[in-house]
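Keep in mind that the numbers below use all heavy atoms, side chains included, and drop hydrogens, waters and symmetry copies.
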Amino acid sequence: RRRNNYDCINLKKSVERFFTNLQDVTLNGIEKPISKYVDYVWKNLTLNDYISLLKKEPNRNVENHDMYKNYCNKLNFKSEKDFWNAIIDLEKEKLFYFILGFPQKIVWIKTGEKEAEKRFLGYEFSERRGHEGIHAIQRDSTISQCTKLFDEDVFDNPLKASAYIYKAFSNEFIPIDESLKDNITNVNLLDTLNFTNEYFDYQIICKSVNEIPQIMSKWNFEELSSIANIIRGVTYSKNEQVEKSNTIILTADNITLDGKIKVTKQVFLNENYKVGTEKKLRKNDVFMCFSSGSKKHLGKVALIENNTNYFAGGFMGIIRVNENIKAKYLYYLLNTLLRETVIAMGTGSNINNLSSVVNSLKIPVPSMEIQKIIVAGIEELEEKAKTIVVADFDNEIEKILKKYLQ
């Protein structure tokens, strides 16, 4: 049954009340919910630290916290009053959804890919003439007999995914049968929401934060948006494409396996179509695939080594670094140690998308001196690879990065 709207209305009023009296009382059946929020979102701060923020008198612990720095860097307001009002409004919103979602678990069903997907669904699509449509994967069987999705007669059959969804509506999360462990996961709702951005976008990321691999480093991590200008590619329609022009769009197909640009496939746009010059690929830009239907392309990167006349396409993006980071260091980090992290961050089902999350990708930023040493070591390896075969080239680059980062 749908949850009563008054539950949310009353909770919102209670959250508003906290910002007046600053008392950490039980809400939504949760003891000390504010302390739990601080532990989860404002890691390493105490409740008293957090209250100093809400009083608009942040102590040193708050001022040194990445979340507060992010607010200061991203929230641009003309007056200090507007700045603090924005922070308080954001914290009210985040705290409300944190408490609302705190007790909630969710069930994820993953079909797998290719043959695994067919075995799980129990059917496949056919385009063969006379046999078009959906068919059971086993001859002389029905889809309901082959599928692991549902049981038509028994709602709580633990061999079918539907049982786990059915039970979840009653807040029951039963042990997952061994035959379905690759397809079904129970996760906390909070682990699918991002509370660390300078805004709250309500987006459920279709993976637990625990599923996103993280790299270790002794150096401070910075969000990608704080060390680089992130520029989305040119969006256009088929009507704006022509056979030949000076406005040439590049896509992920133009990035080779070794991170170079190969202009074999081009899209030309009508000269009347105005494209911002900032979207043109320049020397030391990192050219990256932000959206793709294939994980083969998602997060794919190239380092632009010379100024070009090419523009980034709609599914692509340009990462233009600032003076605190070397482009080649960032490129190799994204192409090796952070490759799996980037792919795992992608949201969406049919189209994997980084556009809404790439800003918050955490990058270890050593001193410029260390970055130069790392780049020099990689360039030496590249020169060596020109004359002899270097076994597992990417692995050798990872060794250089880990040597100075960990």
Side-chain angles (χ1 to χ4, degrees), residues 113-114 117 125-129 132-133 224-225 228-322 327-328 330-332 334-336 338-339 342-343 345-359 361 382 385-386 393-394:
E113 296 183 8
K114 296 181 180 179
E117 181 181 50
F125 291 91
S126 172
E127 296 180 359
R128 188 161 61 93
R129 183 174 295 179
E132 295 91 345
L224 186 58
S225 58
N229 186 16
I230 299 172
I231 304 163
R232 270 65 183 179
V234 180
T235 55
Y236 53 89
S237 69
K238 287 186 176 181
N239 294 334
E240 286 145 352
Q241 295 181 41
V242 294
E243 289 187 11
K244 198 74 176 176
S245 77
N246 291 325
T247 306
I248 306 172
I249 307 298
L250 298 187
T251 68
D253 290 324
N254 297 113
I255 300 178
T256 64
L257 290 175
D258 57 352
K260 307 293 183 185
I261 294 296
K262 190 173 182 180
V263 188
T264 53
K265 183 179 179 181
Q266 302 174 59
V267 175
F268 301 97
L269 293 189
N270 190 310
E271 296 290 1
N272 296 324
Y273 184 72
K274 301 299 181 185
V275 180
T277 56
E278 77 282 356
K279 297 180 186 289
K280 184 180 287 188
L281 294 166
R282 307 173 189 170
K283 184 177 181 180
N284 288 329
D285 281 346
V286 177
F287 184 45
M288 188 175 190
C289 179
F290 283 176
S291 300
S292 175
S294 167
K295 289 189 177 180
K296 177 182 73 173
H297 286 319
L298 187 70
K300 198 175 177 182
V301 289
L303 180 65
I304 307 302
E305 298 179 309
N306 296 291
N307 289 333
T308 76
N309 290 318
Y310 305 123
F311 293 84
F315 289 124
M316 308 300 291
I318 299 170
I319 301 172
R320 193 163 287 156
V321 300
N322 63 25
K328 197 162 195 174
L330 177 62
Y331 160 70
Y332 275 113
L334 291 172
N335 203 35
T336 56
L338 281 175
R339 175 74 176 143
V342 168
I343 292 173
M345 286 178 69
T347 62
S349 52
N350 295 326
I351 299 295
N352 295 288
N353 195 350
L354 292 169
S355 296
S356 63
V357 294
V358 71
N359 289 30
L361 176 64
E382 287 176 327
K386 289 178 181 178
F393 184 74
D394 286 347

Is there side-chain contact between [X] and [Y], with heavy atoms separated by less than 4.5 Å?
X    : Y    : result
V358 : R232 : yes
I319 : L334 : yes
L224 : L330 : yes
N359 : I230 : yes
M316 : L250 : no
I261 : I304 : yes
N307 : R282 : yes

Distance from [X] atom [atom1] to [Y] atom [atom2], nearest 0.5 Å?
X    : Y    : atom1 : atom2 : answer
N335 : M288 : CG    : CE    : 9.5 Å
L281 : I248 : CG    : CD1   : 11.0 Å
Y310 : T247 : OH    : OG1   : 13.0 Å
K279 : F311 : NZ    : CZ    : 10.5 Å
L303 : K283 : CG    : NZ    : 10.0 Å
N270 : Q241 : CG    : CD    : 11.0 Å

* Asked: Quick check: does any side chain N or O of T256 sit under 3.5 Å from a backbone N or O of K262, one acting as donor and the other as acceptor?
  -> no
* Asked: Residues in side-chain contact (heavy atoms from CB on, under 4.5 Å) with N309, at least two apart?
  -> K280
* **N322 atom CG, over 12 foreign heavy atoms within 6.0 Å** => yes
To check you understand the geometry: which heavy-atom pair defines the closest contact between [X] and [Y], and what is its length?
X    : Y    : value
V342 : L354 : O-CD2, 3.2 Å
M345 : L361 : SD-CD1, 3.5 Å
L269 : S245 : O-OG, 2.7 Å
A385 : F393 : CB-CE1, 4.0 Å
H297 : D253 : NE2-OD1, 3.5 Å
T251 : F287 : O-CE2, 4.0 Å

